[in-house]
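Take a look at the structure set out below.
Counting from 1, the numbers follow the sequence of the chain as shown.
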Amino acid sequence: MVRILIFASVALLVIIGIYLLKKATVFLPLMHNGEPDENKQFLHQFGVFYLILAAIGILVGMFNLKFFSLFYIFSLLVISAVFSIMFAKKIL
């Protein structure tokens with residue numbers, strides 16, 4: 001069951017990471033704080049983070065060890081929370 005969750009999260013991370021890298025201009029009108037280049041770099045940075053987490057998730061899903069699976073899910077939640085909070089600061 002955890003393995004299915006990990007592979008589903010990997011698929012979502014790849015989609016979100018590619019979307020942040022390729023379609024960063026969609027989010028730029030929402031961001032009021034900061035320079036456009038700085039905001040584009042912010043989105044690019046988190047797109048790369050999400051793709052790295054997806055690659056790590058593939059490895060974790062293949063080995064299927066409980067500790068690494070739980071640590072991966074925890075780190076995924078932390079990175080997502082950091083992105084959400086920083087994105088919210090740029091929007092408001």
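Within the structure, every pair that satisfies the ring pair (Phe, Tyr, Trp, His ring centres under 6.0 Å) test and touches residues 72-92, not counting sequence neighbours, is listed here: F27-F87, F42-F83, F46-F83, Y50-F83, F83-F87.
Scanning both residues, K40 and A24, for their nearest heavy atoms gives CG-CB, 4.3 Å. For the residue pair I6 and G57, the shortest heavy atom distance occurs at CG2-O, 3.4 Å. The nearest pair of heavy atoms linking P36 to L28 is O-CD2, 4.0 Å.
Note that CD1 of I79 and CG of L53 are 6.0 Å apart. Values are rounded to the nearest 0.5 Å. Remark: L92 CG to L30 CG distance equals 11.0 Å, nearest 0.5 Å. One distance of note links OG1 of T25 with CG of L43; it measures 9.5 Å at 0.5 Å rounding. S75 OG to L70 CG: the interatomic distance, rounded to the nearest 0.5 Å, is 10.5 Å.
Under a hydrophobic clustering in which Ile, Leu, Val, Met, Phe, Trp and Tyr are joined whenever their side-chain heavy atoms come within less than 4.5 Å, directly or via other members, M62 and V10 fall into the same cluster. One hydrophobic cluster, built from ILVMFWY side chains closer than 4.5 Å, holds both I91 and I16. By the criterion of side-chain heavy atoms lying less than 4.5 angstrom apart, applied directly or through intervening Ile, Leu, Val, Met, Phe, Trp or Tyr residues, I18 is grouped together with L20 in one hydrophobic cluster. Following chains of ILVMFWY side-chain contacts shorter than 4.5 Å, one cannot reach L76 starting from I4, and the two form parts of different hydrophobic clusters. Both L13 and V82 are members of a single hydrophobic cluster when ILVMFWY side chains are connected at heavy-atom separations under 4.5 Å.
Scanning for side chain to side chain contact (heavy atoms under 4.5 Å, CB included) contacts around I52 gives V48, I56, with sequence neighbours left out. The salt bridge (Lys or Arg N to Asp or Glu O under 4.0 Å) test applied to K90 returns E38, not counting sequence neighbours.
Under a cut-off of 6.0 angstrom, the local environment of CD in Q45 is crowded, with over 12 non-hydrogen atoms contributed by other residues, nucleotides or ligands.
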